[in-house]
Amino acid sequence: MIADNLVRVSALLILTSSGTYTTLDDFLASDYAFFMQMSASVIGFLMALTVLGTVMLDVVWQHRHAAEHDPLTDLLNRRGFERAIPDFSRESFPSGAVLVCDIDHFKLVNDRFGHAAGDMVIVGLAAALRDGLPSDALVARFGGEEFVAFLPGVTLAEAGMLCNAIRLAFAARDWREGGVTQQITASFGVSATASGDHSMHDAIGRADACLYAAKSAGRNQVVMEGQQAAHAPTQLRVVSAADRRA
């Protein structure tokens with residue numbers, strides 16, 4: 001718009017100084033003046049459309065973000081995760097790892113310390129997952145205290161190590177500033193996508209079975225596909241003590 005005005009003023013000065021138009025009325029009655037007004041109207045209309053389009057795109061993005069993200073953690077929700085994961089029927093086999101995790105004894109956290117404290121713990125695990133997983137990981141809160149993530153290109157062993165590091169960091173966190181005076185832990189189940197999978201949910205189902213095994217074995221551990229959970233209570237106590245010293 002500034003450039004357009006500069007061109008118009010310059011042209012007016014040149015035309016009046018050269019004697020093409022001797023009076024302002026002569027200029028206003030000219031074809032050039034008519035062209036200038038029409039072009040200004042067109043440019044103004046196009047700029048208005050551009051602004052309107054930008055605003056509409058921003059509104060659409062905000063609504064889509066709200067529809068596909070969890071409002072508490074800003075992670076993907078189930079719908080957003082479903083839209084983001086690879087389609088096994090349309091793409092080449094998407095190799096990677098899947099993890100399913102949740103907070104141990106979460107209902108007791110809510111009952112003892114209140115739902116605000118429970119929300120704080122959920123946000124804390126979400127942050128631990130966001131910080132501890134690769135930047136291209138698709139991390140979602142499926143509901144309540146349950147989280148699911150797909151790690152493209154990551155092997156089962158690598159995913160197990162990542163989950164264990166997240167588990168240790170989460171177990172070592174001090175929640176007393178939020179009014180929670182006990183240790184909070186999380187359990188993890190990990191699987192890998194397989195060539196026979198029909199969808200990501202096949203791998204999620206195997207990871208969920210591993211999570212169930214971790215829960216049944218005493219919680220606060222990572223169980224990978226094809227691995228036995230640590231059932232011995234004495235072994236679990238040793239792991240917990242080591243976690244607190246980490």
Would you list the atom pairs, donor with acceptor, under 3.5 Å between side chains in residues 115-126 and any protein atom, with sequence neighbours excluded?
none

Please tabulate, for the side chains in residues 132-152, all donor-acceptor contacts under 3.5 angstrom to protein atoms that are two or more places apart in sequence or on a different chain.
{"unit_1": "R141", "atom_1": "NE", "unit_2": "G144", "atom_2": "O", "d": "2.8"}
{"unit_1": "R141", "atom_1": "NH1", "unit_2": "D70", "atom_2": "OD1", "d": "3.1"}
{"unit_1": "R141", "atom_1": "NH1", "unit_2": "D70", "atom_2": "OD2", "d": "3.2"}
{"unit_1": "R141", "atom_1": "NH2", "unit_2": "G144", "atom_2": "O", "d": "3.0"}

Any donor-acceptor N or O pair under 3.5 Å, side chains H105, Q182: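 Result is no, nothing qualifies.
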
Check whether any side-chain N or O of [X] sits under 3.5 Å from a backbone N or O of [Y] as a donor-acceptor pair, and report yes or no.
X    : Y    : result
R167 : N220 : yes
E225 : C210 : no
N77  : A67  : yes
E82  : R79  : no

Of the non-hydrogen atoms in [X] and [Y], which two are nearest, and what is the gap between them?
X    : Y    : result
A207 : V100 : CB-CG2, 3.6 Å
Q221 : G218 : NE2-N, 4.2 Å
L99  : C163 : CD2-SG, 3.6 Å
V98  : A203 : CG2-CB, 3.8 Å
A157 : M224 : CA-SD, 4.3 Å

L72 reachable from V109 in the ILVMFWY side-chain graph, under 4.5 Å edges: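 Both belong to a single hydrophobic cluster.
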
Joint hydrophobic cluster, L108 plus F113, side-chain heavy atoms closer than 4.5 Å: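 No.
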
F106 atom CZ: more than 12 heavy-atom contacts under 6.0 Å: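 Above 12, so yes.
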
Rounded to the nearest 0.5 Å, what separation is found between the [atom1] atom of [X] and the [atom2] atom of [Y]?
X    : Y    : atom1 : atom2 : value
D102 : F188 : CG    : CZ    : 9.0 Å
S199 : I204 : OG    : CD1   : 7.5 Å
L76  : I85  : CG    : CD1   : 10.5 Å

Sequence-distant partners of D104, side chain to side chain donor-acceptor pair (under 3.5 Å), two or more places apart: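 By the side chain to side chain donor-acceptor pair (under 3.5 Å) rule, D104 matches T185, S187, K215.
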
Which residues share a side chain to side chain donor-acceptor pair (under 3.5 Å) with R130, sequence neighbours left out: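 Scan of R130 (side chain to side chain donor-acceptor pair (under 3.5 Å), adjacent residues dropped) gives none.
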
For D197, salt bridge (Lys or Arg N to Asp or Glu O under 4.0 Å) partners two or more places apart: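 If we apply the salt bridge (Lys or Arg N to Asp or Glu O under 4.0 Å) test to D197, skipping adjacent residues, the hits are R206.
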
Side chain to side chain donor-acceptor pair (under 3.5 Å): pairs with one or both residues in residues 169-181, sequence neighbours excluded: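 Matches after skipping sequence neighbours: D174-R176.
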
Test log, rule side-chain contact (heavy atoms from CB on, under 4.5 Å), inputs V223 and L211: CA-CA 7 Å; V223 175; L211 174 62; over 6 Å; no

Pairwise side-chain contact, L129 with C101, heavy-atom cut-off 4.5 Å (strictly under):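 The answer is yes; the side chains approach within 4.5 Å.
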
